2 protein chains.
Amino acid sequence: MEKSTQGAANDAQVIAPFRSHAHDHGQCVVEAIAAAESRCEKDGSSFTPLRRQVLELVWSSHEPVGAYELLEKLRRSRRKAAPPTVYRALDFLMEHGLIHRIESLNAYVGCGDPERRHGGQFLICRDCQSVAELDDSAIDKAVARRADALGFDVQQQTVEIIGQCANCVSRGRNDR
Amino acid sequence: MEKSTQGAANDAQVIAPFRSHAHDHGQCVVEAIAAAESRCEKDGSSFTPLRRQVLELVWSSHEPVGAYELLEKLRRSRRKAAPPTVYRALDFLMEHGLIHRIESLNAYVGCGDPERRHGGQFLICRDCQSVAELDDSAIDKAVARRADALGFDVQQQTVEIIGQCANCVSRGRNDR
DNA sequence: CAAAATATGATATATTATAACATTCGGAGT
DNA sequence: ACTCCGAATGTTATAATATATCATATTTTG
């Protein structure tokens, strides 16, 4: 089991932490699919085999995946897949909060908690390409305060922090 | 007691506010070009006519502009312009902190303060497409605290907040 | 079952960005 | 002024990402 040095209140704001190199990723996928089924049932939307498959492919790692990379993988089992096949599935998954789009990478990553309403806050490691997902209320509040002061009505936030994760810092990695 | 001191400190963190519909935009452009000349002189880099022209085109409004839109405008006076012409100029301008890229729009906007080191924080109005640029230390600190707690080394931040600016809120606009 | 709505297939094309090589321009040293 | 050099721009081609449109199939619903 992975362990955090931080308190529970803190953890609650980390939707998905950086994962150790050898965590039980199968479990991540199982949980993600279960959460997706639950969420779609609640929404009354149909979690079709295609959509499930694309979600599984997005969850093949904790790294953001590009649409055409997904398409290539998808084609191995579904030869008729074309760009719209993937993009429609991605649109569906985003609308239902099952994945997020990382704007600065033109790529997609699984959402660690589809039940919880949240905007996108991500720490992205430039070396191992892993992503941690946050729902940090201090960031939210800082944004909200500034927006309020300017009379700006916030509707959506994109927070993408590029850097080096703890794992890569300690290993002295410097891929770029 | 009024919060006057806080007000001033507050304002300093808004690098470029939303502009009224009829501000003196010519002045914005003049200032931006002057700042660019100053910055390039300090950097020992050459602010060529092409680069100046592209910067002027980016500054033709306070809205983010796409590369191909810039190309189209550029071609009016420079018929040999091609995509690399624009992208090279944009790369130069970004490297020297004269413009920012808005990731969520694949578009570019002039930087309101090239002298000051800062990451990108933007409020983007979905109705009038105007952008305000921030350098909000509360947002920075909130990000830094969370990153520190996770041992993450921040190297670059992308903060893009979509919503409705005060002007459009008060006019009840709802373009999208 | 028939009609309507939803989902996917299929084809074409739009939009954004970069690779690779050729040419031109402008200054440093002679 | 001349030549060399490196920076800047020109030129052509193509990569990477995303959407439009119409056809077909599947599911839902009355």
Side-chain angles (χ1 to χ4, degrees), chain A residues 36-37 40-41 43-58 63-96 98-109 129 158 160 176, chain B residues 36-37 40-41 43-58 63-96 98-109 129 158 160 176:
Chain A
E37 281 172 346
C40 287
E41 182 138 9
D43 291 355
S45 58
S46 60
F47 191 51
T48 64
L50 172 61
R51 290 163 178 172
R52 170 195 296 256
Q53 198 180 349
V54 171
L55 183 59
E56 283 170 355
L57 290 173
V58 170
E63 303 170 22
V65 196
Y68 279 75
E69 193 180 337
L70 289 169
L71 176 57
E72 190 188 348
K73 291 178 180 175
L74 187 61
R75 274 186 163 145
R76 291 172 193 165
S77 63
R78 186 182 280 257
R79 276 174 295 189
K80 335 175 239 190
T85 312
V86 163
Y87 280 104
R88 283 170 186 151
L90 291 172
D91 286 347
F92 173 91
L93 297 171
M94 279 192 290
E95 277 166 14
H96 292 82
L98 305 174
I99 62 172
H100 295 284
R101 174 175 162 83
I102 307 296
E103 297 289 350
S104 56
L105 298 175
N106 294 334
Y108 306 82
V109 70
Q129 279 80 51
T158 297
E160 296 174 5
R176 293 185 193 171
Chain B
E37 281 172 347
C40 287
E41 181 137 9
D43 290 355
S45 58
S46 61
F47 191 51
T48 65
L50 171 61
R51 290 164 178 172
R52 169 193 299 255
Q53 199 180 349
V54 171
L55 182 59
E56 282 170 357
L57 290 174
V58 169
E63 301 169 24
V65 196
Y68 279 75
E69 192 180 337
L70 290 169
L71 177 56
E72 191 187 349
K73 290 178 178 173
L74 187 61
R75 274 186 162 142
R76 291 174 193 162
S77 63
R78 186 183 280 256
R79 276 175 293 189
K80 333 175 240 186
T85 313
V86 163
Y87 281 103
R88 284 170 186 152
L90 291 173
D91 285 347
F92 173 90
L93 297 171
M94 280 192 288
E95 277 165 16
H96 293 83
L98 304 174
I99 63 173
H100 294 284
R101 174 176 163 82
I102 307 295
E103 297 290 350
S104 57
L105 298 175
N106 294 335
Y108 306 82
V109 70
Q129 279 79 53
T158 297
E160 297 173 7
R176 292 185 194 170

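Bear in mind the structure is a predicted one, so any value in this text is a computation, not a measurement. For the numbers below, each heavy atom of this structure counts, side chains included, while hydrogens, waters and symmetry mates do not. A note on names: the letters A, B, ... follow the listed sequences, proteins ahead of strands, and every chain is numbered from 1.
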Output every pair passing side chain to side chain donor-acceptor pair (under 3.5 Å) with a member in residues 74-85 of chain B, not counting sequence neighbours, ordered by first then second residue.
-> B/Gln53-B/Ser77
Upstream residue (5' side of DNA chain C) when B/Ala107 and A/Arg78 are each assigned their closest nucleotide |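 Checking each residue's closest nucleotide, the 5'-ward one belongs to A/Arg78.
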Applying ring pair (Phe, Tyr, Trp, His ring centres under 6.0 Å), name anything that partners A/Tyr87, two or more places apart in sequence or on another chain.
->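 For A/Tyr87 there are no ring pair (Phe, Tyr, Trp, His ring centres under 6.0 Å) partners, ignoring immediate neighbours.
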Work out which heavy atom in [X] is nearest to a heavy atom in [Y]; give both atom names and the distance.
| X | Y | answer |
| --- | --- | --- |
| B/Ser46 | B/Phe92 | O-CZ, 3.7 Å |
| B/Tyr108 | B/Val58 | O-CG1, 4.1 Å |
| B/Val54 | B/Ala89 | CG2-CB, 3.7 Å |

Close residues, residues 82-94 of chain B, relative to DNA chain C [heavy-atom separation under 4.0 Å] =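 Hits under 4.0 Å, by residue number: B/Pro83, B/Pro84, B/Tyr87, B/Arg88.
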Where chain A begins and ends its contact with DNA chain C, read 5' to 3' at 4.0 Å from heavy atoms | C/dA7 to C/dT11
Check whether any side-chain heavy atom of B/Phe47 lies under 4.5 Å from a side-chain heavy atom of B/Leu55, and answer yes or no.
->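 A side-chain contact exists here, since the closest heavy-atom pair is under 4.5 Å.
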Heavy atoms, side chains only, cut-off 4.5 Å: are A/Ser104 and A/Thr158 in contact?
->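 They are not in contact (no side-chain heavy atoms under 4.5 Å apart), so the answer is no.
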Separation of atom CD in B/Glu95 from atom C1' in D/dA8, rounded to whole Å = 13 Å
Rounded to whole angstroms, how far apart are NE2 on B/His96 and C1' on D/dA7?
-> 13 Å
Could you give the distance from [atom1] ([X]) to [atom2] ([Y]), rounded to the nearest 0.5 Å?
| X | Y | atom1 | atom2 | answer |
| --- | --- | --- | --- | --- |
| B/Leu57 | B/Lys73 | CG | NZ | 6.5 Å |
| A/Leu50 | A/Thr48 | CG | OG1 | 5.0 Å |
| A/Arg51 | A/Cys40 | CZ | SG | 8.0 Å |

Partners meeting salt bridge (charged side-chain N to carboxylate O under 4.0 Å, His left out) with A/Arg101 (sequence neighbours left out) |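 If we apply the salt bridge (charged side-chain N to carboxylate O under 4.0 Å, His left out) test to A/Arg101, skipping adjacent residues, the hits are A/Glu103.
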Applying salt bridge (charged side-chain N to carboxylate O under 4.0 Å, His left out) to B/Arg52 and not counting sequence neighbours gives B/Glu37
Name the pairs: protein N/O against N/O of nucleotides 28-30 of chain D, kept only if under 3.5 Å.
none

With DNA chain D as reference, determine whether B/Asn106 or B/Ala81 sits nearer its 5' end, using the nearest nucleotide of each.
-> B/Ala81
For DNA chain D, find the residues of residues 44-51 of chain B with a heavy-atom distance under 4.0 Å and give them by number; none if there aren't any.
->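 Result for residues 44-51 of chain B: B/Ser46, B/Thr48, B/Leu50, B/Arg51, sorted by number.
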DNA chain D contacts made by residues 65-76 of chain B, counting heavy atoms under 4.0 Å | none
Just distance, no hydrogens or angles: give the donor-acceptor pairs under 3.5 Å from side chains in residues 64-72 of chain A, sequence neighbours left out.
none

For B/Arg79, answer base if it contacts any base atom (sugar-phosphate contacts may also be present), sugar-phosphate if it contacts only those atoms, and nothing otherwise; contact means non-hydrogen atoms under 4.0 Å.
->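 Nothing: the residue B/Arg79, judged by heavy atoms under 4.0 Å, touches no strand.
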Roughly how bent is the helix from C/dC1-D/dG30 to C/dT30-D/dA1 end to end, in steps of 10 degrees, with each end axis from five pairs?
->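 It comes to 30° between the two terminal axes.
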Hits for side-chain contact (heavy atoms from CB on, under 4.5 Å) against A/Asp91, two or more places apart or cross-chain, chain-then-number order -> A/Met94
